[in-house]
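Note on naming: letters A, B, ... go to the chains in the order of the sequence lines (proteins, then strands), and numbering restarts at 1 for each one. The shown structure was predicted, so the numbers you read here are calculated from the model rather than taken from an experiment.
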2 protein chains.
Amino acid sequence: MYKNSEFVSKLRNSGLRPTKQRLKICEVLFNRDKTFHFTINDLAKNISENFNEKISLATIYNTVHAFKDKGYLKEITISSDKSYFDTNITKHHHFYDEDTNLLIDCNDNEIGKVNIKNNITGKKISSVEVLVRVASDTQNQN
Amino acid sequence: MYKNSEFVSKLRNSGLRPTKQRLKICEVLFNRDKTFHFTINDLAKNISENFNEKISLATIYNTVHAFKDKGYLKEITISSDKSYFDTNITKHHHFYDEDTNLLIDCNDNEIGKVNIKNNITGKKISSVEVLVRVASDTQNQN
DNA sequence: AATTTATATTATAATCGTTCTAAACTGTTG
DNA sequence: CAACAGTTTAGAACGATTATAATATAAATT
Ligand SMILES: [Mn+2]
Ligand SMILES: [Mn+2]
Ligand SMILES: [Zn+2]
Ligand SMILES: [Zn+2]
């Protein structure tokens with residue numbers, strides 16, 4: 001459990017004013033035991049259903065993107081119409097369950113280190129991401 | 001170099017009528033020495049600039065999606081606003097050059113086999129994709 | 001070959017997630 | 001407090017994609 005003052009500092013330290021809306025979003029995203037994945041729509045719904053304060057959609061977009069730019073969120077794109085944000089900002093890979101549309105974090109005992117033998121000349125690797133799509137066994141069984 | 005009749009068979013065999021538009025798109029996509037990556041926009045531009053026949057945008061969308069559904073194209077999503085199609089339908093991974101916005105195929109002497117030690121129980125792996133983002137040494141370091 | 005039926009193409013409208021706008025509001029600084 | 005920069009907001013605008021429904025074409029049937 002974080003204290004509100006921690007979020008205030010976090011925001012101030014990154015040049016973002018600790019507004020009521022940003023603090024509420026911090027609380028929803030970061031005041032948890034476990035990291036999680038969400039879409040903009042999930043977040044907007046979560047806030048409007050569970051809190052009396054209403055935050056405009058534009059602010060939700062702005063804030064999520066600001067948090068992403070500051071490195072507090074990662075974005076994971078699954079397909080052209082499905083983009084998730086991740087509160088787990090460590091380097092890690094994902095399973096994507098095509099049946100449930102859920103993203104699941106991998107850790108190192110699930111996917112070994114990716115061995116990049118040759119990189120493009122003159123370029124630096126900025127990220128390495130593995131996405132393993134999975135689906136129910138029973139689809140191709142009979 | 002493929003013959004037109006090969007595309008006719010290919011289309012017929014997959015239950016798609018070999019229309020003039022689909023054959024033109026086959027020619028543009030598959031009558032090449034090397035596979036390549038393209039966006040819908042690239043393809044539409046290519047056709048309108050290099051050929052006198054005009055194919056409506058709706059048909060280009062329909063055809064590309066039909067070809068994807070039939071397994072003649074793969075879709076690779078880079079970010080929420082960048083989706084590419086790939087005429088290379090073999091299993092392979094990609095470098096994405098953030099400076100030039102170009103996708104580059106990897107082969108096995110660039111990225112080793114991804115070691116998936118544990119899969120989700122009761123699920124079958126439908127694909128494994130690695131995306132290595134690269135950028136010029138002097139910028140964009142994460 | 002003509003007719004019938006199913007499928008495909010097209011221009012254009014509709015959709016919808018996201019971004020923009022510009023006015024009102026709030027946090028910060030002195 | 002005053003002054004200012006940064007933020008929020010509702011609603012408009014945007015743009016990529018999809019839906020529509022009339023027309024055209026391909027295939028199947030007679
Ligand atoms: Mn698509
Ligand atoms: Mn985004
Ligand atoms: Zn994650
Ligand atoms: Zn490729």
Within the sub-3.5 Å range, which N or O atoms of nucleotides 28-30 of chain C have a protein N or O partner, and how far apart are they?
residue, atom, partner, partner atom, Å
C:dT28, OP1, A:R12, NE, 2.9
C:dT28, OP1, A:R12, NH2, 3.0
C:dT28, OP2, A:R12, NH2, 3.4

Q | Expected output: side-chain B:H37 to main-chain B:L103 donor-acceptor under 3.5 Å | A | yes

Q. Atom CG of B:L11 to atom P of D:dA26: distance rounded to whole Å?
A. 13 Å

Q: Decide whether B:I25 and B:I40 are clustered together by the hydrophobic rule: side chain heavy atoms of Ile, Leu, Val, Met, Phe, Trp, Tyr closer than 4.5 Å, transitively.
A: yes

Q.
Any side-chain N or O of B:H65 below 4.0 angstrom from OP1/OP2 of D:dT18?
A. yes

Q. Rounded to the nearest 0.5 Å, what separation is found between the CD atom of A:E27 and the CG atom of A:N4?
A. 7.0 Å

Q) OP1, OP2 of D:dT17 versus side-chain N and O of B:Y61: anything below 4.0 Å? A) yes

(Q) Please check if the number of heavy atoms outside A:D108 that lie under 6.0 Å from its CG is greater than 12. (A) no

Q) OP1, OP2 of D:dA26 versus side-chain N and O of B:T19: anything below 4.0 Å? A) no

Q. Does NZ belonging to B:K117 count more than 12 external heavy atoms closer than 6.0 Å?
A. yes

Q. Which residues, ordered by chain and number, are linked to A:I111 in its hydrophobic cluster, where ILVMFWY side chains connect at heavy-atom gaps below 4.5 Å, directly or through other members?
A. A:F95, A:I104, A:V114, A:I116, A:I120, A:I125, A:V128, A:V130, A:V132, A:V134, B:F95, B:I104, B:I111, B:V114, B:I116, B:I120, B:I125, B:V128, B:V130, B:V132, B:V134

Q: Round to a whole Å and report the spacing from CD1 of A:I25 to C1' of D:dT7.
A: 12 Å

(Q) Strictly below 4.0 Å: does B:Q21 bring a side-chain N or O up to OP1 or OP2 of C:dT10? (A) yes

Q | Whole-Å distance separating the NZ atom of A:K24 from the C1' atom of D:dT7 | A | 18 Å

Q. What's the CD1-C1' distance between A:I60 and C:dC20, to the nearest Å?
A. 17 Å

Q. B:R22 CZ to D:dT25 P: how many Å, rounded?
A. 15 Å

**Q.** Any side-chain heavy-atom pair of A:F38 and A:D86 under 4.5 Å
**A.** no

Q.
Among residues 36-58 of chain B, which ones have heavy-atom contacts with DNA chain C below 4.0 Å?
A. B:K54, B:I55, B:S56, B:A58

Q. Relative to the 5' end of DNA chain D, which residue comes earlier, A:T59 or B:K20, by the nucleotide with the nearest heavy atom?
A. A:T59

Q: Report the distance from atom CG of A:N62 to atom P of C:dT21, rounded to the nearest whole Å.
A: 13 Å

Q. With a 3.5 Å cut-off and no angle check, do the side chains of A:D42 and A:T39 form a donor-acceptor pair?
A. yes

Q: Cation-pi check, B:K10 to B:F30: give yes when NZ or CZ is under 6.0 Å from the six-membered ring centre and within 45° of the ring axis, no otherwise.
A: yes

